[in-house]
Amino acid sequence: MPSSPIDVLARHLEHVTPADPFASPPADLIDLPTLAEVLDTLPDPRSRRGRRYRLGPLLTLSLLAVLGGATSLKQITRIITGYDPGLRARAGLPGTTRLAASTLGRLLARLDGDAFDTAVYDYLTALTTDPPATSSPAPHRTPLTGLAVDGKTLRGSRTGDGTVHLLAATRHDTQTVTAQQQVQAKSNEIPAFAPLLSKLDLSTLVVTADALHTQHDNARQVVTDGGHYLFLVKGNQPSLHRRLKTLPWREAILNDRTDETGHGRREIRRMKICTARPGLPFPHAAQAIQVKRRRTNHKTGKTTIVTVYAVTSLPPGRITHAQLAALIRGHWSIEALHHIRDVTYREDASRVRTGTAPRIMASLRNLAIALARLIGWTNIAAATDHYRSHPADGLHLLGFTT
């Protein structure tokens, strides 16, 4: 593994630009850690007598198929079978491959979901972590990155026992999932919040979450672990919500204003900040925030105004007002990720239901989207079109030589 995998991705970014979106990956991507080697260390649930293919290469080729837009087990196996024998051989599979969708489905269903997620998201964390600086800046000047925590139900996974629900932490800047955990249902997200973040270094992160996770224990845990939080506040915290509404917002100055037009509407956002008064009933709350969103639908002409409140542990002056506003908007990057999985990868239409297979498929989609984002693709549908037609480029991206 290179000392700084993200540097390799940054060099690849120079070759993948809107002016040249179909450029082949540069040769220095061979320095990337081979994902097959990472996945080959996972516990293999198959009987030794029945193993025709090594686990790591098989999972890597499955990822390559997903990177090319595969949305089902049948598509994955059909794409793998259709790859050039030389390409499959470079990935570690025999040139003659007859892989059935049912066989792959049984394998994914029996994999250790926790072990798989740990391997995948540790790999992504390594790609998105900058190398240590030779001279560390003062703590109050260290740049901060948003980390959104939110859950998603895999609707197509419904069985008699319910549906698979995943809680994930996603970086605002790259839409890269750095941690994921399966929970029983959305109502079980709250106790899973702290364990989800327990393995992450929060020292340069601001954890953002919607009102469901605006809990005292969550706030204490984030600060104890060295991070900051920015939580939305709604009626599930009635005392805090009432206190925020009664702050002197009319006298507060306007700290940030944005005016954006797109998707058939115009949205004006006005943000005011109030330094938290003593006794604000929430741990480590340093500032209270009010955001008024005025949205006008161009087609109907209808205008709606919504007021949102939030609290943050960030002290005044730690970041600029514009950066604070960007963190609030950036939280919804995780919703954009979910939208890509549903629209481009048809996740909600997937009928993969057995065992851990739904969770594994979701992680493969997360990994494919993250790799595409990290090398500069802004349109994931275009990325899937490219890697479907140029699988060797995808294999190169995953660390295999040409």
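Because only heavy atoms are used, hydrogens play no part in the values below, and waters and symmetry mates are left out as well, while side chains stay in.
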Check this for me: [X], atom [atom1], are more than 12 non-hydrogen atoms of other residues, nucleotides or ligands nearer than 6.0 Å?
X      : atom1 : value
Arg266 : CZ    : no
Glu335 : CD    : yes
Arg346 : CZ    : no

Test side-chain contact (heavy atoms from CB on, under 4.5 Å) on Leu147 and Leu200 and set out the steps. CA-CA 11 Å; Leu147 185 75; Leu200 302 180; 3.9 Å; yes

Would you sort out whether His172 and Thr208 count as a side-chain hydrogen bond (donor to acceptor under 3.5 Å, both in side chains), showing the intermediate values? CA-CA 9 Å; His172 290 195; Thr208 64; 3.0 Å; yes

Those residues at least two apart in sequence (or on a different chain) that pass ring-ring contact (aromatic ring centres under 6.0 Å, His included) with His241 are Tyr309

Between Val177 and Tyr121, is the side-chain contact (heavy atoms from CB on, under 4.5 Å) condition met? List the steps. CA-CA 7 Å; Val177 177; Tyr121 298 120; 3.5 Å; yes

Side chain to side chain donor-acceptor pair (under 3.5 Å) contacts touching residues 190-202 (sequence neighbours left out): Asp201-Ser203

The complete set of ring pair (Phe, Tyr, Trp, His ring centres under 6.0 Å) pairs with one or both residues in residues 327-347, sequence neighbours excluded, reads none

Enumerate the residue pairs fulfilling ring pair (Phe, Tyr, Trp, His ring centres under 6.0 Å) with a member in residues 208-233, sequence neighbours excluded, ordered by first and then second residue.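 Only Phe193-His213, His216-Phe282, Tyr229-Phe231, Tyr229-Phe282 qualify under ring pair (Phe, Tyr, Trp, His ring centres under 6.0 Å).
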
Let me confirm one number: the [atom1]-[atom2] distance from [X] to [Y], rounded to the nearest 0.5 Å.
X      : Y      : atom1 : atom2 : result
Leu104 : Ile80  : CG    : CD1   : 6.5 Å
Leu314 : Ile289 : CG    : CD1   : 8.0 Å
Ser389 : Asp385 : OG    : CG    : 6.5 Å
Leu280 : Ser239 : CG    : OG    : 11.0 Å
Tyr53  : Thr103 : OH    : OG1   : 8.5 Å

Between Val291 and Thr307, does the side-chain contact (heavy atoms from CB on, under 4.5 Å) criterion hold? Intermediate values first, please. CA-CA 6 Å; Val291 176; Thr307 302; over 6 Å; no

side-chain hydrogen bond (donor to acceptor under 3.5 Å, both in side chains) between His165 and Thr153, intermediate numbers included: CA-CA 4 Å; His165 190 85; Thr153 299; 2.6 Å; yes

What verdict does the side-chain hydrogen bond (donor to acceptor under 3.5 Å, both in side chains) test give for Ser363 and Gln180, after you've listed the backbone C-alpha separation in whole Å, the side-chain angles of each residue and the deciding distance to 0.1 Å? CA-CA 8 Å; Ser363 290; Gln180 180 174 276; 3.2 Å; yes

So which heavy atom on [X] is nearest to which on [Y], and how close?
X      : Y      : value
Val311 : Ala285 : CB-CB, 4.5 Å
Leu63  : Leu364 : CD1-O, 3.5 Å
Ala362 : Arg341 : CB-NH2, 3.8 Å
Leu154 : Thr163 : O-CB, 4.0 Å
Asn236 : Ala211 : ND2-O, 2.7 Å
Pro281 : Leu240 : CG-CA, 4.0 Å

Can you pull the salt bridge (charged side-chain N to carboxylate O under 4.0 Å, His left out) pairs that have at least one residue in [range], sequence neighbours excluded?
range            : result
residues 298-310 : none
residues 218-233 : Asp217-Arg220
residues 351-364 : Asp114-Arg359, Asp117-Arg359

For [X], which residues count as a side chain to side chain donor-acceptor pair (under 3.5 Å) partner, sequence neighbours excluded?
X      : value
Arg294 : none
Asp40  : Arg54
Ser157 : none
Thr145 : none

Has the side chain of Thr178 got a donor or acceptor atom that lies under 3.5 Å from a matching backbone atom of Thr125?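 Between the backbone of Thr125 and the side chain of Thr178 there is no qualifying donor-acceptor contact (under 3.5 Å).
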
Verify, without hydrogens or angle tests, whether Thr356 (side chain) and Leu108 (backbone) share a donor-acceptor contact under 3.5 angstrom. yes

Determine whether Thr170 and Asn366 make a side-chain contact, defined as any pair of heavy atoms from C-beta on separated by less than 4.5 Å.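 They are not in side-chain contact.
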
Could you check whether Glu347 pairs with Lys152 (Lys NZ or Arg NE/NH1/NH2 to Asp/Glu carboxylate O, under 4.0 Å)? yes

Using the salt bridge (Lys or Arg N to Asp or Glu O under 4.0 Å) criterion, which residues pair with Arg270? Sequence neighbours excluded. none

For Leu324 and Leu230, what are the C-alpha separation, side-chain angles and deciding distance, and is it a side-chain contact (heavy atoms from CB on, under 4.5 Å)? CA-CA 9 Å; Leu324 188 58; Leu230 196 162; 3.5 Å; yes

